[in-house]
Amino acid sequence: ICTEKDENFNLYKDKVKNRKVSFHIKDIFKDHWKNYKDKFKDRKRRPIIDKVVDKFFLCKSFLLGFSLYQCPSCLQEKIVPHTCKTRFCSSCGNKYNEERSISIHSKLFNAKHRHVVFTIPEELRGYFRNNRKLLNLLFLASADTIKCWFQQKYKKLNLTPAFISVLHTYGRPLNFNPHIHMILLEGGISDTRFIKVDFFSYASFRKRWMKLILALLENELGKQEFRKIKNDLYFKYPDGFYVYAPKCNFKSISGLLSYVCRYLSRPVMAESRILDYDGQFVTFWYQRHEDDIIVIEKLHAYEFIQRLIMHIPEPNFKYIRFYGAYHNSTKLN
């Protein structure tokens, strides 16, 4: 690993600035996937992973089927092979994300929205990685955090919030770091009237978020297994788990939607971030959240593959969920 302060950084700084796609994730998988499976055959792997990767290899091949088009004027025919539509395929995912963002945008109220991020500490991440069903608790706890705050703050107005939650399971280094991105309406609905709200209490969000997610985990895992770590976390994080909710700095709600939804159906890393691939090692860059310093990391292809496949979602798991006035049961026109 090297940063801007290291001498080795100069070897790649021009590539970081240009951000051109020179190496493809599919090529790395084609070179190493079979050997990776043989080397780690004793490691338990979720069934969905092999299914998704195998389909990814067949993208735009006739083995996935094809569509036949014919011009009604000249009768000329064109055969188009089907795509894989997996999250490893950049070409498939880009189009899908664009269509999804447009669909969500059409459902939003014409008012300002706040971008809120709910995070969990590193001590809890392993529970969610080992048991993917627990990811539902992140949606539940974050949604209840917002609902409870609105109920207490605007009880007399009976104000209903409106928000959309999106789950990300990764950080910029491709590590497993599940967290919730929320698009929160700066206001609420009361008897079909919109009431503006431009203040949200960070301190209240953080403490309630921590209390709710720890209580839900203890209920799922059992007091005997989880009580000690729960008490330790209350002691270590007296101000609650980190919640980030500044006023939106995106120029438009479309920009915010694109940012939040960008990796839901394509690789968790853009291929433009791959600086070098020599057949064995993959070098890529990312910008660190804490200080905005650019970090360049070099991994063996096996480790790179592992960091990508652990973010493949379980079948039929919903990564986008609508709440409050945006939920189908309460949506107001």
Side-chain angles (χ1 to χ4, degrees), residues 1-3 8-9 11-12 14-16 18-64 81-94 96-97 125-126 128-130 132 168-178 262-287 294-315 317 319:
I1 299 177
C2 65
T3 67
N8 291 335
F9 180 83
L11 296 173
Y12 296 104
D14 292 335
K15 292 183 180 181
V16 170
N18 295 331
R19 301 181 184 181
K20 294 180 180 178
V21 176
S22 302
F23 306 96
H24 298 281
I25 291 174
K26 180 177 282 189
D27 293 332
I28 299 171
F29 270 75
K30 283 183 176 179
D31 291 345
H32 296 280
W33 180 240
K34 184 179 183 300
N35 291 335
Y36 172 87
K37 289 194 296 182
D38 291 340
K39 183 176 179 62
F40 301 106
K41 59 184 177 182
D42 295 332
R43 180 185 296 178
K44 187 176 180 180
R45 194 166 57 248
R46 293 179 293 136
I48 187 62
I49 291 176
D50 290 274
K51 182 178 180 180
V52 168
V53 174
D54 290 344
K55 192 175 181 181
F56 166 57
F57 285 144
L58 298 177
C59 186
K60 296 182 181 179
S61 74
F62 291 102
L63 294 175
L64 291 180
H82 290 168
T83 57
C84 63
K85 298 180 176 63
T86 71
R87 67 180 297 123
F88 275 119
C89 187
S90 297
S91 60
C92 293
N94 284 332
Y96 182 73
N97 276 339
R125 295 173 189 171
F128 294 93
R129 181 176 177 180
N130 296 329
R132 300 302 172 110
H168 287 190
T169 62
Y170 49 88
R172 292 181 180 181
L174 309 181
N175 59 323
F176 193 81
N177 178 16
R262 69 194 187 285
Y263 291 138
L264 291 179
S265 59
R266 63 186 176 116
V268 296
M269 186 188 73
E271 291 182 324
S272 58
R273 285 174 52 195
I274 302 177
L275 300 176
D276 190 35
Y277 169 56
D278 62 5
Q280 290 295 324
F281 290 89
V282 182
T283 304
F284 66 96
W285 71 273
Y286 62 91
Q287 193 165 15
I294 292 177
V295 178
I296 294 175
E297 189 166 356
K298 186 175 183 179
L299 300 175
H300 190 277
Y302 291 162
E303 175 64 20
F304 181 77
I305 288 173
Q306 174 60 30
R307 291 201 193 182
L308 291 184
I309 63 176
M310 67 180 172
H311 301 293
I312 293 177
E314 288 297 293
F317 186 87
Y319 271 60

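Because the structure is predicted, anything quoted here is derived from the model rather than measured. All residue numbers refer to positions in the sequence shown, counting from 1. Excluded from the calculations below are hydrogen atoms, water molecules and symmetry mates; all remaining heavy atoms, backbone and side chain alike, are included.
- With a 4.5 Å cut-off on side-chain heavy atoms, Asp31 and Tyr277 count as touching.
- Considering CZ of Phe304 and CG of Leu299, their distance stands at 8.0 Å, rounded to 0.5 Å.
- Note: Leu308 CG to Ile49 CD1 = 11.0 Å, rounded to the nearest 0.5 Å.
- By the 4.5 Å heavy-atom criterion applied to side chains, Phe284 and Glu297 are counted as neighbours.
- In terms of heavy atoms, Ala301 sits closest to Ile28 at CB-CG2, 4.3 Å.
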Between Ile274 and Met269, is a side-chain contact (heavy atoms from CB on, under 4.5 Å) present by the stated rule, with each step listed? CA-CA 9 Å; Ile274 302 177; Met269 186 188 73; 3.3 Å; yes
Do His311 and Phe176 pass the side-chain contact (heavy atoms from CB on, under 4.5 Å) test, and can you show the C-alpha distance, the side-chain angles, and the key distance before you say yes or no? CA-CA 7 Å; His311 301 293; Phe176 193 81; 4.0 Å; yes
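- To the nearest 0.5 angstrom, His82 atom NE2 is 11.5 Å from Cys59 atom SG.
- Between Pro178 and Arg125, the shortest heavy-atom contact is CD-CG, 4.0 Å.
- Side-chain contact between Pro315 and Lys51 is absent, with no heavy atoms from C-beta onward closer than 4.5 Å.
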Please step through side-chain contact (heavy atoms from CB on, under 4.5 Å) for the pair Trp33 and Asp50, ending with a clear verdict. CA-CA 10 Å; Trp33 180 240; Asp50 290 274; 3.8 Å; yes
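- Listed by chain and residue number, nothing satisfies the salt bridge (Lys or Arg N to Asp or Glu O under 4.0 Å) test with Arg172 (two or more places apart in sequence, or in another chain).
- In this structure, the side chain to side chain contact (heavy atoms under 4.5 Å, CB included) partners of Leu63, at least two apart in sequence or on a different chain, are Leu58, Ser61.
- Between the Arg129 side chain and the Met310 main chain, no donor and acceptor come within less than 3.5 Å of each other.
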With side-chain contact (heavy atoms from CB on, under 4.5 Å) as the criterion, how do Leu64 and Cys84 come out once you've worked through the C-alpha distance, each side chain's angles and the decisive distance to 0.1 Å? CA-CA 7 Å; Leu64 291 180; Cys84 63; 4.2 Å; yes
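- Between Gln306 and Arg43, some side-chain heavy-atom pair lies under the 4.5 Å cut-off.
- Between the side chain of Arg46 and the backbone N or O of Ile312, at least one donor-acceptor pair lies under 3.5 Å.
- For the pair Tyr319/Thr169, a side-chain contact is recorded, criterion being any heavy-atom separation below 4.5 Å from C-beta on.
- Residues forming a side-chain hydrogen bond (donor to acceptor under 3.5 Å, both in side chains) with Asn175 (at least two apart in sequence, or on another chain): none.
- Not a single side-chain hydrogen bond (donor to acceptor under 3.5 Å, both in side chains) links Thr283 to another residue, sequence neighbours left out.
- In this structure, CZ on Arg273 lies 5.5 Å from CG on Leu174, to the nearest 0.5 angstrom.
- For Tyr302, the side chain to side chain contact (heavy atoms under 4.5 Å, CB included) criterion is met by His32, Asn35, Tyr36, Lys39, Phe40, His300, not counting sequence neighbours.
- Listed by chain and number, the residues in a ring pair (Phe, Tyr, Trp, His ring centres under 6.0 Å) with Tyr286 amount to none (sequence neighbours excluded).
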